[in-house]
Amino acid sequence: MLILGIESSCDETAGAVCKNGEIISNVVLSQVIHKQFGGVVPEIASREHDSQITSIIQKTLDEANITLSDIEAIAVTYGAGLMGALLVGLNYAKGLSIALKIPFIGVNHLEGHLYASFISFPNMKYPYLCLLVTGGHTQIWEVQSPGNYVLHSTTIDDAAGEAFDKGARILGLDYPGGPEIEKIAQNGDPEKYNFPIPKVKNNPLNFSFSGLKTALLYKFRELSQDEIKTNKRDIAASYQETILNTLLRQLANVITLTGIKQISIVGGVAANKRFREKADILRDNSNTEIYFPTAEYCTDNAAMIAVAGYEKLKEGVYSPLSLKANPNLALNDGAIG
Amino acid sequence: MKSGWSGAITMDVEETIKLGEQFADFIERGDVFAFVGELASGKTTFIKGILKGLDFKKSVTSPTFTLVNEYDAKFPVIHIDCYREDELERWIKLGLNDYFSDENIVIIEWADKMQSLLPDNTFQVHFSHKSLNSREIILSTT
């Protein structure tokens with residue numbers, strides 16, 4: 001089955017085609033490319049995604065070496081995200097669905113992330129745990145079966161990726177901050193400075209990174225310029241270590257709680273090498289399997305939407321044409337925090 | 001916004017949340033708030049308090065990466081963050097103007113980056129560090 005995936009929930013437009021769950025094309029119009037296009041697309045009043053989506057979908061089909069008439073179903077993000085952005089993708093998908101007389105299925109953006117591991121590891125089995133560590137989210141989900149998810153842990157303020165980025169800003173490093181902190185932390189002492197591991201009162205499984213950012217800021221202010229210069233690597237290493245330890249400690253807690261041995265780790269932070277080393281130790285100690293999808297499926301993309309759609313279509317789940325875009329769409333109603 | 005709220009100094013995160021809850025009593029539909037202040041000066045924490053004051057029970061997280069969070073509180077609340085995206089043209093194309101309506105409360109973090117796009121009657125709220133954990137939050141008259 002050939003499925004076209006469309007994702008336009010935030011500031012990137014993306015298309016992908018999957019054939020029986022395998023990705024055969026994946027196109028993301030990133031902000032960088034957008035800037036190159038900037039000079040050629042003069043209509044300022046036009047909607048961000050509206051001016052891009054037709055060419056993105058065409059490129060997606062070209063890369064898959066197919067035409068629109070080959071597509072058998074469409075999967076599209078219908079929330080959460082920016083209303084104006086979601087509407088472009090959703091209405092485009094509905095239009096194609098009517099014109100081509102094929103079904104479409106609405107996918108929750110977060111749901112897409114949960115399925116990203118299937119792209120690289122199609123043999124993964126239910127149930128599994130998914131630690132989602134992006135700039136916008138830090139959550140641990142239990143995926144019981146397609147459509148059945150339990151949220152065990154979520155950040156109550158900033159996401160881990162944001163903690164890296166804002167930490168980098170405090171340290172005077174470039175954007176994006178995660179790779180910059182990782183780079184200078186390589187030669188630093190992760191034990192030199194003591195940053196508090198953030199605790200959350202109401203739900204001890206939750207994450208909180210806002211206080212850590214503040215602790216870094218005050219540490220930075222407390223030190224002299226000379227001390228900062230000499231110890232910047234150690235500060236970065238200690239800060240990074242605290243974020244990573246927090247993530248893995250909570251993951252270990254959820255593994256113990258659920259007894260689930262298959263784990264998927266998705267998101268930009270998963271690319272951090274120190275994180276991978278430490279995750280390997282957790283894997284060995286807890287006798288689990290940990291899957292890291294390749295980097296291109298870790299950030300916002302349509303491949304994960306297409307694959308999530310495939311998993312749901314296999315179960316016979318479709319969406320009606322009356323499906324509405326929902327900016328604050330939740331994956332389950334029991335959101336905690 | 002109803003008159004009578006001018007600001008305060010808070011001593012810790014809990015007090016900042018409590019102040020946000022009190023602030024919520026002064027909010028009216030259609031209000032737009034520009035929150036200005038450096039990193040870790042309490043903007044998101046204060047918004048957590050506001051949402052608590054508006055009977056919103058679910059979690060309120062930073063929209064730095066998601067750009068816009070919407071909450072179905074007592075009034076619809078739109079939580080915008082310009083930290084990552086300061087290209088004004090992109091904000092217009094992403095539908096920024098759709099959010100300014102008589103129905104919504106709009107709260108914008110790092111609003112100094114988009115002052116020129118904000119409605120004339122926008123309320124300015126300034127956040128600053130006083131000492132460790134202490135924050136000054138004031139409504140500016142300009």
Side-chain angles (χ1 to χ4, degrees), chain A residues 9-11 31 34-35 38 43-51 79-85 87-88 109 134-138 154-159 161-162 165-167 169-170 175-176 206 209-218 221-222 268 300 326-328 330 333-337, chain B residues 12-14 16-17 38-49 51-52 56-73 76-81 83-99 101 104 109-110 129 131-135:
Chain A
S9 65
C10 192
D11 54 351
Q31 290 187 44
H34 167 87
K35 275 174 189 155
E43 62 269 48
I44 289 177
S46 81
R47 289 293 181 165
E48 179 70 10
H49 299 274
D50 199 32
S51 56
L82 280 64
M83 184 52 115
L87 281 175
V88 174
H109 178 78
T134 65
H137 302 280
T138 301
T154 186
T155 181
I156 61 157
D157 38 56
D158 300 353
E162 183 177 346
D165 264 319
K166 292 192 170 164
R169 162 84 72 100
I170 292 168
Y175 180 92
N206 276 350
F209 291 107
S210 176
L212 182 60
K213 173 183 71 187
T214 310
L216 176 69
L217 182 71
Y218 284 115
R221 286 184 172 181
E222 171 193 308
D300 287 355
N326 184 350
N328 47 16
D333 291 321
I336 44 178
Chain B
D12 55 32
V13 171
E14 280 72 29
T16 302
I17 290 179
E38 61 179 310
L39 272 175
S41 58
K43 299 183 291 298
T44 308
T45 305
F46 190 66
I47 293 171
K48 279 171 116 53
L51 266 301
K52 205 172 165 191
F56 187 71
K57 304 273 186 267
K58 292 186 230 165
S59 60
V60 173
T61 54
S62 165
T64 291
F65 276 79
T66 52
L67 301 180
V68 180
N69 290 349
E70 292 193 24
Y71 312 111
D72 51 350
V77 177
I78 313 293
H79 183 187
I80 298 176
D81 191 327
Y83 178 85
R84 185 169 69 90
E85 181 58 71
D86 51 12
E87 225 179 289
L88 301 185
E89 193 184 302
R90 262 179 89 77
W91 275 109
I92 295 169
K93 286 183 176 182
L94 287 168
L96 176 73
N97 290 319
D98 299 347
Y99 294 115
S101 80
N104 295 338
E109 296 196 49
W110 300 94
H129 295 262
S131 62
L132 185 73
N133 297 325
S134 172
R135 303 285 182 273

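We name chains A, B, ... by the order of the sequence lines, and we start the count at 1 in each one.
The residue among Asp98(B), Val13(B), Leu67(B), Thr64(B) with the most heavy atom pairs within less than 4.5 Å of chain A is Thr64(B). With respect to chain B, the highest number of heavy-atom pairs below 4.5 Å among Gly135(A), Gly84(A), Ala85(A) belongs to Gly135(A). Each of Val68(B), Leu94(B), Thr66(B) has some count of heavy-atom pairs under 4.5 Å with chain A, and the biggest count is that of Leu94(B). The candidate with the highest count of non-hydrogen atom pairs below 4.5 Å against chain A, out of Leu132(B), Thr44(B), Thr45(B), is Leu132(B).
Under the ring pair (Phe, Tyr, Trp, His ring centres under 6.0 Å) criterion, Tyr218(A) pairs with His129(B), not counting sequence neighbours.
Asn69(B) does not touch chain A: none of its heavy atoms, backbone or side chain, sits under 4.5 Å away. Neither the backbone nor the side chain of His109(A) comes within contact range of chain B; no heavy atoms are under 4.5 Å apart. Contact annotation for Leu217(A): only side-chain heavy atoms (C-beta onward) come within less than 4.5 Å of a heavy atom of chain B. When heavy atoms are compared at a cutoff of 4.5 Å, Tyr71(B) approaches chain A solely by way of its backbone atoms N, CA, C and O.
Of all heavy-atom pairs between Ile80(B) and Tyr99(B), the closest is CD1-CD1, 4.3 Å.
Remark: Arg84(B) does not engage Asp165(A) in a salt bridge, criterion side-chain N to carboxylate O under 4.0 Å.
Side-chain N or O atoms of Trp110(B) include none that pairs as donor or acceptor with a backbone N or O of Asp86(B) at under 3.5 Å. Between the Arg169(A) side chain and the Leu39(B) main chain, no donor and acceptor come within less than 3.5 Å of each other.
With a 6.0 Å cutoff to the six-membered ring centre and a 45° limit on the axis angle, Lys166(A) counts as a cation-pi contact of Tyr83(B).
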